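Step one of this worksheet: look at the structure below.
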Amino acid sequence: QVQVSEAGGGWVQPGGSLRLSCTASGRAFNTGIMAWFRQGPGKEREFIAASAWPADSSYIARSKRGRFTISRDNSKPAVYLQMSTLRPEDTAVYYCAAKPATWFSQTVYSPSDFDSWGPGTQVTVSS
């Protein structure tokens, strides 16, 4: 069983930046994939980015490139989502997901690809 938790959400003005962090723990998580999704009001859960851990490979959804970046901490199962030039439409609950894996594909992941989820962290972009 993998436990996942997020931190770093909050309120930010349009044009601002925010950094979210995610940690995974559990005996099953020696190598794997960690990903970020978000779900806005009345919307489906949307893929943002994923990273292999601890391997050096990641993928960001095309619509998020340029404003969102994902990075990892190789000393522990942790990934970070740096968001910049935030817009009101980025307002959502941001979720981190993780799963043990021995390979990583640079592709859009689906929520159904992951069994372990954090509780989510709210990001609100408004003036």
Side-chain angles (χ1 to χ4, degrees):
Q1 187 73 12
V2 179
Q3 292 79 43
V4 182
S5 63
E6 310 96 341
W11 172 82
V12 62
Q13 291 185 332
S17 300
L18 210 57
R19 186 182 189 232
L20 307 182
S21 62
C22 170
T23 58
S25 62
R27 296 177 61 183
F29 200 82
N30 294 316
T31 63
I33 300 172
M34 300 177 73
W36 286 100
F37 293 78
R38 71 182 185 185
Q39 189 163 15
K43 298 182 179 179
E44 294 187 351
R45 196 161 295 192
E46 175 190 24
F47 171 79
I48 300 172
S51 174
W53 191 90
D56 185 13
S57 187
S58 62
Y59 182 83
I60 301 175
R62 287 185 179 274
S63 63
K64 305 298 182 290
R65 295 174 191 175
R67 296 193 303 123
F68 290 32
T69 59
I70 188 170
S71 60
R72 77 189 63 78
D73 183 340
N74 289 335
S75 67
K76 60 183 178 181
V79 292
Y80 308 93
L81 184 68
Q82 179 69 46
M83 306 181 291
S84 61
T85 320
L86 285 163
R87 306 164 181 165
E89 52 265 39
D90 294 317
T91 294
V93 178
Y94 284 69
Y95 296 93
C96 183
K99 68 173 183 178
T102 56
W103 54 268
F104 178 82
S105 292
Q106 298 208 342
T107 185
V108 174
Y109 285 84
S110 167
S112 62
D113 291 327
F114 296 88
D115 294 326
S116 300
W117 291 83
T121 184
Q122 176 71 45
V123 172
T124 302
V125 185
S126 72
S127 54

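In this text the structure is predicted, and so the values were computed from the model without any measurement.
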Ignoring hydrogens, what is the shortest heavy-atom contact between Gly120 and Tyr95? Give both atom names and the distance. CA-CD2, 3.6 Å
Take Lys64 and Glu46 through the test side chain to side chain contact (heavy atoms under 4.5 Å, CB included) and record every step on the way to the result. CA-CA 11 Å; Lys64 305 298 182 290; Glu46 175 190 24; 2.6 Å; yes
Gln39 and Lys43 have their tightest heavy-atom pair at NE2-O, 3.1 Å
So the disulfide (SG to SG under 2.5 Å) pairs with at least one residue in residues 23-91 (sequence neighbours excluded) are none
side-chain hydrogen bond (donor to acceptor under 3.5 Å, both in side chains) involving Ser17 - partner list, sequence neighbours excluded: none
Give me the ring orientation class for Phe114 and Phe37: parallel if the planes are under 30° apart, tilted from 30 to 60°, perpendicular past 60°. perpendicular
Distance-only side-chain donor-acceptor flag, Ser5 / Thr23, under 3.5 Å: yes
Atom OH in Tyr109, atom CD1 in Ile33: separation rounded to 0.5 Å? 3.5 Å
Which ILVMFWY residues are connected to Ile60, directly or by a chain of links, through side-chain heavy atoms under 4.5 Å apart? Val2, Val4, Val12, Leu18, Leu20, Phe29, Met34, Trp36, Ile48, Trp53, Phe68, Ile70, Val79, Leu81, Met83, Leu86, Tyr94, Val123, Val125
Can you confirm whether Ser127 sits close enough to Pro14 that some side-chain heavy atom of one is under 4.5 Å from a side-chain heavy atom of the other? yes
Taking the side chain as every heavy atom from C-beta outward, state whether Trp117 and Arg45 have any atom pair closer than 4.5 Å. yes
From Thr124 atom OG1 to Asp90 atom CG, the distance as rounded to the nearest 0.5 Å: 11.0 Å
With sequence neighbours left out, which residue pairs that include part of residues 76-89 fulfil the salt bridge (Lys or Arg N to Asp or Glu O under 4.0 Å) condition? none
Start with the C-alpha distance between Arg38 and Glu44, add both sets of side-chain angles, then the distance that settles salt bridge (charged side-chain N to carboxylate O under 4.0 Å, His left out), and finish with yes or no. CA-CA 8 Å; Arg38 71 182 185 185; Glu44 294 187 351; over 6 Å; no
Is the closest side-chain heavy-atom distance between Phe47 and Ser110 below 4.5 Å? no
Kindly indicate, with the supporting measurements, whether the criterion side-chain hydrogen bond (donor to acceptor under 3.5 Å, both in side chains) is fulfilled by Thr107 and Ser105. CA-CA 6 Å; Thr107 185; Ser105 292; over 6 Å; no
Tell me if a side-chain donor or acceptor on Thr31 pairs with a main-chain N or O of Ala101 at a distance below 3.5 Å. yes
Other residues, nucleotides, ligands: >12 heavy atoms within 6.0 Å of Asn74 CG: yes
Taking everything shown except Gln106 itself, do over 12 heavy atoms lie less than 6.0 Å from its CD? yes
Ignoring hydrogens and angles, tell me if any N or O in the side chain of Ser58 forms a donor-acceptor pair with the backbone of Ser51 under 3.5 Å. no
Give me each pair satisfying disulfide (SG to SG under 2.5 Å) with a member in residues 5-107, each pair once, sequence neighbours excluded. Cys22-Cys96
Is Tyr59 close to Val108 at the side-chain level, that is, under 4.5 Å between some pair of heavy atoms? yes
Test item: Arg72 side-chain N/O and Ala52 main-chain N/O as donor-acceptor pair under 3.5 Å: yes
According to the salt bridge (Lys or Arg N to Asp or Glu O under 4.0 Å) rule, which pairs have a member within residues 104-127, sequence neighbours left out? none
How about Pro119 and Glu6: do any of their side-chain heavy atoms sit closer than 4.5 Å? yes
Under a 4.5 Å cut-off applied to non-hydrogen side-chain atoms, are Tyr80 and Thr69 in contact? no
